[in-house]
Amino acid sequence: MAPGGGILIPTRLPLLLTHEGVLLPGSTVRFTVGSARNMQLVSQRLLKGTSLKSTIIGVLPNSRDPEHDSDDLPALHGIGTAGIAVQVVGSNWPKPHYTLLISGLCRFRVSSLLKERPFVLAEVEQLDKLEQYTTPATEGVSADDGELRELSKKFYQASLQLLGMLDVSIPVVAKFRRLLDSLPRETLPDVVASMIHTSNKEKLQVLDAVSLEERFKKALPMLTRQIDGLKLLQKTRKTSPDNEKRVLSVRKGGAFPGRQFNLDEEDEDEDGDDTTVLERKVRAANMPEAALKVCLKELKRLKKLPQSMPEYALTRNYLDLMVELPWSKSTKDCLDIRAARTLLDNDHYAMDKLKRRVLEYLAVRQLKTSLKGPILCFVGPPGVGKTSVGRSIARTLGREFHRIALGGVCDQSDIRGHRRTYVGSMPGRIINGLKTVGVNNPVFLLDEVDKLGKSLQGDPAAALLEVLDPEQNHSFTDHYLNVAFDLSQVLFIATANTTATIPPALLDRMEVLQVPGYTQEEKVEIAHRHLIPNQLEQHGLTPQQLLIPQDTTQDIISRHTREAGVRSLERKIGAVCRAVAVKVAEGHPSIKTDTLIPAGPVEPEDKVIPPEMPIVIDHIALKDILGPPLFEMEVSERFTLPGVALGLAWTPLGGEIMFVEASRMEGEGQLTLTGQLGDVMKESAHLAISWLRANAKTYQLTNMVGAPDPLEGTDIHLHFPAGAVTKDGPSAGITIVACLASLFSGRLVRSDVAMTGEITLRGLVLPVGGIKDKVLAAYRAGVKCVILPKRNEKDLEELPANIRANLDFVTAGNLDEVLNAAFDGGFQRTAGPPAAPQLTSKL
Ligand code: ADP
């Protein structure tokens, strides 16, 4: 039936391809939209348009939109329903999708496809009149067709009969009644077919019935079937409002109020099957009583929800998670201390102290067979193997391993999940981790506990406390799950770069194991024993194809990396492997023979033959692959003027060398400090100046014109380069003294000396921390002598023997000793009372 003038829908309609349901004119249906083209239609047309016209789209049933934009369109159904999108709801859970509420207007036929991307646009021909919905006319069907009139009358009466069987005190039934009288009769087949219980196939038949007569004929048997069904039901059950409510499942919302109810007798069959399967799974999941109760309650709710409601997906996801969680699945521990020792030794070079402590920990575990006890926390610079020791522990126990990165987590729901009332709510990382590993006794590595943040959304550290506390964690309650999960079988290990920023309450629960950085020699060993073999394997190479001599490794370590751990070293070795892999894959030695030297005889270049094996990486090849060295030994170059000294600093990333520079100019005795210093560091500078002024005479320190007070008519500027890095701590004290003594005396500090130590106003040198890391940094930088506080002498024992052999150490109890060691030939003092008599008398 042609529309024959009147209100027209646009002739070019964007099409929504759907497999979910059939929209008939005069009804309102909710569609979930997730595929590429349909999403584009929503975002580019519905959400962008401002006119009423832009909300009109065509819904084409039985035409699934391919998941990928690039896929070709399937054959499309020829007839669809134009409709107004009355509501668009977007959600990201469980994956990005929109839910559209669309009210059907009229049929159309697709004449031709205009474009397929970004969404489908078609030229359409309108098949129904639109006026029929806007002009209420009880006798809508034209009187000249007798048969049609007869049919429409029959249909109207059958609808009345259906209504008579329902209780009009129920609002939807009352609405249906009102509608029945106010709507034109010719619209009844569409409206009724969408309300009563019909399958999608039947609705499609009604949609495809373009002629009105055929439409009545198709819809009438469905209506009578519904009436018969109801009759049967009423016979078997005593009719009560309750029963009617059961048979009337109401669909919410919509622009055509009153037309959105569905006279389903039962839930859809497929849905029923699905929930039965789910119920079986829930019962088989072996969950504790309380959890089971919650699940069964949710299941009951799920059965009542129509699938198109967003809540359906939410509840369904919740139940799926509950079923998947390892409530009572665990792996069996297989701990053999001797094997564990071998495994740890095989996986890791050096780190003896750490390995010993880990073994003790495991042994106690084995004897006690309980998991209560402190949580191990490995503290050290990046790339020293903290994570990889954690992984080895899991392996020795035969447990699953899961890493939870806590860096930057500042919301407690990250740990404990979101309540399910939020859209997009999720369980926290702990529960997610358990789901991933699928057992309830994994090893969880809480990575970077020192980088936990804090925000308005609550303190994640507090949530972690609950997770780690053996008294509480057997009933850990994730907000999303809302039932307790027993975490007491999980073995937690934490890692951090520094203990300074670990929340104190958390630190209190943990046993800190320091993992310091490696020396150059240790790194070479680690590279040859572990990193190179691993990288070769990862790049599909064999030792017969690539050889990295020790010299080259040393070159990489000292000139291409500057780090406490071995992470960049590993990356650089990876880069070498990649470069060689290309050559091996190309299968010919077109590499310049002077850069990559094949071990065997060199073939003429133009002949395409495989490269001689192995390819040996020498210094030139290394420069070719990694580029010019990033770090050069620059220390000595900076000691060309008085007023420079080299200090040693500790950072969470390991030890660092740190220059201190000073200059002076005419002025009024002011001190300027630059380089982002903390308060403690500023105080050290003031202390140093005061001590030097007090002892200026003894050491013959003068100002610029030779006056006995170094500050007279003079301003001093102290600078700590690398101004972007904040520096604090007392350990720069003796370096500042040496630097200023150099400035005031005009003599150069020895360029091969580095120092660390706190000072007092009386010139004593107090001990400081991080000696091993600092000495390693000094050694890396090519320093020959390290000055440190006397009371740190015991820390030297921890240093590897080769470092002790190669470096000179001066342990100083007072500043006089510091200055004597820092300047070539000592720092001359004039005769007089000793600077620190109380100390010399003790020595
Ligand atoms: P972290 O967790 O301390 O930042 P990782 O555990 O990620 O460091 O270690 C980085 C890489 O260095 C890993 O490939 C690891 O196997 C390797 N590695 C570190 N220390 C050692 C060691 N002592 N022996 C062998 N390999 C090591």
Side-chain angles (χ1 to χ4, degrees), residues 340-359 375-396 401-408 443-452 491-499 501-502 510 512-539 548 550 553 556-557 560-578 650-655 770 772-773 776 780 798-800 802-803:
R341 187 193 304 270
T342 322
L343 205 129
L344 274 176
D345 279 341
N346 284 350
D347 281 1
H348 299 96
Y349 178 76
M351 347 173 85
D352 295 330
K353 224 167 125 185
L354 180 80
K355 286 192 281 195
R356 200 174 336 127
R357 180 63 191 97
V358 166
L359 281 176
I375 282 129
L376 293 184
C377 177
F378 303 148
V379 178
V384 292
K386 302 182 295 293
T387 315
S388 104
V389 169
R391 197 168 271 130
S392 291
I393 293 180
R395 266 213 295 154
T396 56
F401 176 82
H402 185 74
R403 175 173 162 269
I404 299 179
L406 295 174
V443 172
F444 270 169
L445 185 88
L446 303 171
D447 214 1
E448 308 200 311
V449 273
D450 55 332
K451 308 225 170 34
L452 275 180
L491 176 64
F492 290 101
I493 297 174
T495 80
N497 290 143
T498 167
T499 49
T501 48
I502 302 181
M510 304 196 282
V512 172
L513 295 182
Q514 295 285 351
V515 196
Y518 298 114
T519 62
Q520 172 116 0
E521 287 68 24
E522 283 172 339
K523 286 185 190 176
V524 172
E525 284 299 323
I526 293 175
H528 284 271
R529 286 167 194 241
H530 301 282
L531 307 181
I532 297 179
N534 283 349
Q535 289 296 321
L536 284 181
E537 195 188 324
Q538 278 183 25
H539 290 85
I548 305 182
Q550 296 232 346
T553 320
I556 303 181
I557 293 167
H560 292 271
T561 65
R562 179 160 289 177
E563 55 172 356
V566 291
R567 192 162 296 154
S568 331
L569 174 60
E570 189 175 25
R571 237 176 278 140
K572 302 275 172 184
I573 294 174
V576 171
C577 291
R578 277 198 299 281
W650 183 89
T651 73
L653 309 185
K772 180 171 179 196
D773 281 327
L776 292 182
R780 274 203 295 276
E798 279 191 26
L799 293 172
N802 70 311
I803 293 222

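Worth saying up front: this structure is predicted, and the values here are computed from it rather than measured. Numbering of ligands and ligand atoms starts at 1, following listing order.
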Between [X] and ligand 1, which residue portion shows a heavy-atom distance shorter than 4.0 Å: side chain, backbone, both, or neither?
| X | answer |
| --- | --- |
| Val384 | both |
| Val566 | side chain |
| Tyr518 | side chain |
| Glu570 | side chain |
| Lys386 | both |

Item to check | Neighbour count >12 (heavy atoms, 6.0 Å) for atom CZ, Arg357 | outcome: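 Correct, the count exceeds 12.
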Next on the checklist: Are there over 12 heavy-atom neighbours, none belonging to Gln538, within less than 6.0 Å of that residue's CD?
Outcome noted: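 More than 12 within 6.0 Å, yes.
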Closest approach of any protein heavy atom to [atom], naming residue and atom:
| atom | result |
| --- | --- |
| atom 2 (O) of ligand 1 | Thr387 OG1, 2.4 Å |
| atom 23 (N) of ligand 1 | Tyr349 O, 2.7 Å |
| atom 6 (O) of ligand 1 | Ser388 N, 2.9 Å |

Look only at interatomic distance and state if [X] has a nitrogen or oxygen under 3.5 Å from any nitrogen or oxygen of ligand 1.
| X | answer |
| --- | --- |
| His348 | no |
| Gly385 | yes |
| Met351 | no |

Next on the checklist: Between Val524 and Ile557, is there a side-chain heavy-atom distance shorter than 4.5 Å?
Outcome noted: yes
Next on the checklist: Side chains of Leu491 and Phe444, heavy atoms from C-beta outward: is any pair under 4.5 Å?
Outcome noted: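 No, too far: nothing below the 4.5 Å cut-off.
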[X] side chain to [Y] main-chain N or O, any donor-acceptor pair under 3.5 Å?
| X | Y | value |
| --- | --- | --- |
| Lys355 | Ala350 | yes |
| His530 | Ile526 | no |
| Thr495 | Phe378 | no |
| Lys451 | Asn497 | no |
| Tyr518 | Val384 | yes |

Next on the checklist: Could you tell me, atom by atom, which parts of ligand 1 come under 4.0 Å of a heavy atom of Ile526?
Outcome noted: 22 (C), 23 (N), 24 (N), 25 (C), 26 (N), 27 (C)
Next on the checklist: Give the atom numbers and elements of ligand 1 that come within less than 4.0 Å of a heavy atom of Pro382.
Outcome noted: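 Per the distance check, 4 (O).
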Checklist outcome for this item: Candidates Arg567, Gln535, His530; heavy atom nearest atom 25 (C) of ligand 1 found on His530
Checklist entry - Taking NZ, NE, NH1 and NH2 as the nitrogens, is one of them in Asp347 or Arg395 under 4.0 Å from a carboxylate oxygen of the other? => result yes
Item to check | Residue pairs, two or more places apart or on separate chains, that pass side chain to side chain donor-acceptor pair (under 3.5 Å) and touch residues 564-573 | outcome: Glu563-Ser568
Please verify whether a non-hydrogen atom of [X] lies at under 4.0 Å from ligand 1.
| X | answer |
| --- | --- |
| Gly565 | no |
| Asp347 | yes |
| Ala350 | no |

